[in-house]
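Notes to accompany the following structure.
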Amino acid sequence: MSDVFDRLSQVLAERRNASPDSSYVAQLHHKGLNKILEKVGEEATEMIIAAKDAEHPTDADRERLRLEAVKETADVWFHSLVALSHLGLGLEDVEAELARRFGTSGLEEKASRTRS
Ligand SMILES: N=c1c2ncn([C@@H]3O[C@H](COP(=O)(O)OP(=O)(O)OP(=O)(O)O)[C@@H](O)[C@H]3O)c2ncn1[C@@H]1O[C@H](COP(=O)(O)O)[C@@H](O)[C@H]1O
């Protein structure tokens, strides 16, 4: 995992027991899972809109729209990690799942579902 993911994971874990007064993540934990999931949904919607906007940019807009899509994706990832952290899960769990899937064609996996 990259350094920033490692460090972010560590900060998110620490925030589970931190005071909500000085920390956005601690505030989210304090508000509870429903609020965190609401943020995930909101950020996912914004990411979809940003990605669609970036699909056919004009030359003048290209860099701004691409950056916006990246920023919105970061917001989704970040809030998803807060949701996982609230459940005592983390990036290492998602990494393990992606590693388990790595190299298995999505089409093959889908076909095997109908065979079993
Ligand atoms: N990566 C992030 C990150 N990305 C986005 N955000 C915050 O997520 C919030 C979402 O923004 P919005 O405009 O959608 O929400 P809002 O309108 O402010 O909030 P609502 O009233 O809608 O709930 C903003 O407050 C952003 O600052 C983040 N807040 C924190 N981090 C990381 O988490 C660490 C811990 O943060 P604290 O817990 O605040 O110390 C930080 O050091 C960062 O590394």
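Residue numbers run from 1 in the order of the sequence given. One-based numbering, in listed order, for ligands and for the atoms of each.
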Below 3.5 angstrom, do we get any N/O pair linking Glu46 and ligand 1?
-> no

Indicate whether atom 39 (O) of ligand 1 is within a distance of less than 4.0 angstrom of some protein heavy atom.
-> yes

Considering distance alone, does some N or O of Ser23 sit under 3.5 Å from an N or O of ligand 1?
-> yes

Could any protein non-hydrogen atom be found less than 4.0 Å from atom 18 (O) of ligand 1?
-> no

Would you say the side chain of Asp3 lies within less than 4.5 Å of the side chain of Arg7, judging by non-hydrogen atoms?
-> yes

Kindly confirm or rule out an N or O of Tyr24 lying under 3.5 angstrom from an N or O of ligand 1.
-> yes

Which heavy atom of Pro57 sits nearest a heavy atom of Leu65, and at what distance?
-> CB-CD1, 4.0 Å

Shortest non-hydrogen contact between Leu91 and Ser9, atoms and distance | CD1-OG, 3.7 Å

Determine, counting only non-hydrogen atoms of the protein, whether one lies under 4.0 angstrom from atom 2 (C) of ligand 1.
-> yes

Closest approach of any protein heavy atom to atom 34 (C) of ligand 1, naming residue and atom = Val11 CG1, 3.9 Å

Run the numbers for me: atoms of ligand 1, each under 4.0 Å from some heavy atom of Lys35, listed by number.
-> 23 (O)

Check ion pair Glu109-Arg113 (N to O, under 4.0 angstrom) = yes

Option nearest atom 20 (P) of ligand 1 (shortest heavy-atom distance, choices Gln27, Glu38, Arg7, Lys39) = Lys39

Criterion side-chain contact (heavy atoms from CB on, under 4.5 Å) on Lys35 and Leu28, from CA distance to verdict = CA-CA 7 Å; Lys35 177 64 188 180; Leu28 283 178; 4.2 Å; yes

So do the side chains of Ile36 and His29 get within less than 4.5 Å of each other, counting heavy atoms only?
-> yes

Identify the protein heavy atom lying closest to atom 43 (C) of ligand 1, giving its residue, its atom name and the separation to 0.1 Å.
-> Leu8 CD1, 4.4 Å

Do me a favour and list the nearest non-hydrogen protein atom to atom 29 (N) of ligand 1 with residue, atom name and distance?
-> Phe78 CZ, 3.4 Å

Which of the ligand 1 atoms, numbered from 1, are nearer than 4.0 Å to a heavy atom of His79 | 8 (O), 10 (C)

Between Asp53 and Glu68, is any pair of side-chain heavy atoms under 4.5 Å apart?
-> no

Between Thr45 (side chain) and Gly41 (backbone), is there a donor-acceptor pair under 3.5 Å?
-> yes

Quick one: are Glu43 and Ser80 in side-chain contact, heavy atoms under 4.5 Å?
-> no

N/O separation below 3.5 Å, Val25 to ligand 1 | yes

Report yes or no: does His86 contribute a side-chain atom to a donor-acceptor pair with the main-chain N or O of Val82 at less than 3.5 Å?
-> no

Which of the numbered atoms in ligand 1 are below 4.0 angstrom from a heavy atom of Asp75?
-> 4 (N), 5 (C)

Closest heavy-atom approach to atom 11 (O) of ligand 1 among Glu42, His29, Glu43 is made by Glu43

